[in-house]
Chemist: 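Sharing a structure here in structure tokens format.
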There are 2 protein chains.
Amino acid sequence: MERGQPGFLLSQLGAHAAGRFAERLKDLELSPADAGILRLLRTAAGISQQELSSRLQIHPSRLVAILDNLERRQLVERKPNPDDRRLYSLHLTKDGGEILQQIGRVAREHQDALLSALTGEERAKLTEMLQRVADAEGLTRGVHPGYQRMGK
Amino acid sequence: MERGQPGFLLSQLGAHAAGRFAERLKDLELSPADAGILRLLRTAAGISQQELSSRLQIHPSRLVAILDNLERRQLVERKPNPDDRRLYSLHLTKDGGEILQQIGRVAREHQDALLSALTGEERAKLTEMLQRVADAEGLTRGVHPGYQRMGK
DNA sequence: GGCGACGGTTTCATAGTGAAATCATTTATA
DNA sequence: TATAAATGATTTCACTATGAAACCGTCGCC
């Protein structure tokens with residue numbers, strides 16, 4: 001990849017953005033994967049670990065430890081599934097919901113800082129272009145390829 | 001980070017682009033860090049490992065193994081520095097120069113595939129915006145934050 | 001000439017990784 | 001209904017990557 005070229009820039013900036021965001025999340029003692037899980041559970045309450053792991057592309061064996069941690073901190077709850085005793089039914093707790101709000105705040109701050117060099121109009125154009133590229137590449141919205149390796 | 005928002009998109013697409021590029025590099029049996037090193041050595045022939053590691057933000061102890069490998073494959077040469085016998089003077093070999101050309105080819109293919117959803121005009125606009133953001137964030141051109149953890 | 005700093009390398013302790021094994025439970029099959 | 005196969009969550013294990021610190025030879029300074 002040549003420097004100054006969009007491919008490299010994209011990858012470079014993406015890694016930078018992810019790193020900066022991860023740093024901000026550390027204030028909340030959360031990893032990016034933690035945040036992704038909490039966010040997904042808001043809209044997909046009750047899903048199983050299996051389903052969670054396949055949606056976010058996190059290895060099931062890794063998910064065990066992550067959920068253990070989130071449950072210990074009472075941000076997530078593993079409820080039994082009455083229909084299938086093998087499955088857990090995962091839910092956000094009250095605390096989990098509240099921390100999710102903080103995550104949202106952090107994300108907005110992060111984004112504003114990151115894109116301060118662009119006008120509002122440019123941000124919209126950038127978002128639209130990036131979304132188009134992401135769709136063309138078959139990326140699922142909200143699923144970060146790095147979740148596979150951003151557990152801690 | 002909310003989905004569909006530029007911050008997340010950037011990070012998501014960046015990771016995707018880096019992953020795809022790394023896959024293509026595998027055909028040449030190179031890691032992204034390998035490619036970064038070869039590329040830098042083209043314009044900065046003769047530098048020491050110390051200097052290389054600080055420019056690319058690669059840990060010195062990790063650099064040893066990477067250079068061992070590149071030297072074994074005769075893509076890079078460690079010459080003694082006559083002025084200071086502690087320092088190596090790193091150089092691309094003939095083979096290294098040739099593989100660098102192949103890397104360039106792979107990078108162009110990668111980039112074309114990645115941005116196929118955008119017109120030429122849009123690509124230029126995207127590049128310009130990304131460069132502006134990268135500059136504002138203080139990123140050094142050609143230095144990927146991920147080199148720190150993309151040795152293999 | 002001796003002493004602290006420096007470059008490159010090695011060692012080491014730690015942590016993260018996925019593949020495969022395990023165990024309970026459910027579904028399919030006959 | 002009995003038995004086999006599949007599934008979900010977890011644990012175990014072998015492998016790799018990581019940086020900190022120790023190490024050795026060399027340099028610059030006083």
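Within every chain, numbering begins at 1; the chains are lettered A, B, ... in the order of the sequence lines, protein sequences first and strands thereafter.
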Chemist: Going by atom types alone, do Q49(A) and R78(A) pair a side-chain donor with an acceptor below 3.5 Å?
Modeler: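 Yes, R78(A) and Q49(A) have a side-chain donor paired with an acceptor closer than 3.5 Å.
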Chemist: Side chain of L87(B): nearest nucleotide among dG7(C), dA9(D), dA20(D)?
Modeler: dG7(C)
Chemist: Hey, does the Lys NZ or Arg CZ of R39(A) hover above the aromatic six-ring of Y147(A), less than 6.0 Å from the centre and inside 45° of the axis?
Modeler: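 The answer is no, since R39(A) fails at least one limit relative to Y147(A).
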Chemist: Identify whether the distance between the nearest side-chain nitrogen and carboxylate oxygen of E51(A) and R55(A) falls below 4.0 Å.
Modeler: yes
Chemist: Hey, does S48(B) reach any base, or is it just sugar-phosphate, or nothing, if we go heavy atoms under 4.0 Å?
Modeler: sugar-phosphate
Chemist: In whole angstrom, what separates R62(A)'s CZ from dT11(D)'s P?
Modeler: 16 Å
Chemist: From CD1 of I66(B) over to P of dT9(C), roughly how many Å is that when rounded to an integer?
Modeler: 12 Å
Chemist: Can you tell me how far P of dT18(D) sits from CG of L63(B), to the nearest Å?
Modeler: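 Taking CG of L63(B) and P of dT18(D), I get 13 Å after rounding.
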Chemist: Out of curiosity, E137(B) CD to Q12(A) CD, how far, rounded to the nearest 0.5 Å?
Modeler: 11.0 Å
Chemist: Decide whether H144(A) and S11(B) meet the rule of one side-chain donor and one side-chain acceptor closer than 3.5 Å.
Modeler: yes
Chemist: Got M129(B) and R123(A) here, is their nearest side-chain heavy-atom distance under 4.5 Å?
Modeler: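 Contact flag for M129(B)/R123(A) side chains = no.
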Chemist: With 3.5 Å as the limit, what N/O pairs link the protein to nucleotides 24-29 of chain C?
Modeler:
{"from": "dT26(C)", "atom 1": "OP1", "to": "R85(A)", "atom 2": "N", "distance (Å)": "2.9"}

Chemist: So that I can tick it off, tell me whether D135(A) and R141(A) are bridged by a salt bridge, with the cut-off set at under 4.0 angstrom between side-chain N and carboxylate O.
Modeler: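 D135(A) and R141(A): salt-bridged.
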Chemist: Under 30°, 30 to 60°, or over 60°: which ring-plane class applies to H110(A) and F21(A), parallel, tilted or perpendicular?
Modeler: tilted
Chemist: Start at the 5' end of DNA chain C and walk down; is the nucleotide closest to L67(B) or to S61(A) reached first?
Modeler: L67(B)
Chemist: Quick check on contacts: within residues 50-60 of chain B, what sits under 4.0 Å from DNA chain C by heavy-atom distance?
Modeler: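 Contacts with DNA chain C under 4.0 Å: Q50(B).
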Chemist: Output yes when K125(A) and E122(B) qualify as a salt bridge under the 4.0 Å nitrogen-oxygen rule, no when they do not.
Modeler: yes
Chemist: Roughly what angle, to 10°, lies between the helix axis at the start of the helix from dG1(C)-dC30(D) to dA30(C)-dT1(D) and the one at its end, five pairs per end?
Modeler: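 One end's axis against the other's: 10°.
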Chemist: Report yes or no: does R132(A) contribute a side-chain atom to a donor-acceptor pair with the main-chain N or O of A117(B) at less than 3.5 Å?
Modeler: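 Judged by distance alone, yes, a pair lies under 3.5 Å.
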Chemist: Rounded to whole angstrom units, what separation is found between the CG atom of D68(A) and the C1' atom of dA9(D)?
Modeler: 10 Å
Chemist: Decide, yes or no, whether a salt bridge links E23(B) with R20(B) under the criterion of side-chain N to carboxylate O below 4.0 Å.
Modeler: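 Yes.
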Chemist: Can you tell me the distance, in whole Å, between the OH atom of Y88(B) and the P atom of dG25(D)?
Modeler: 13 Å
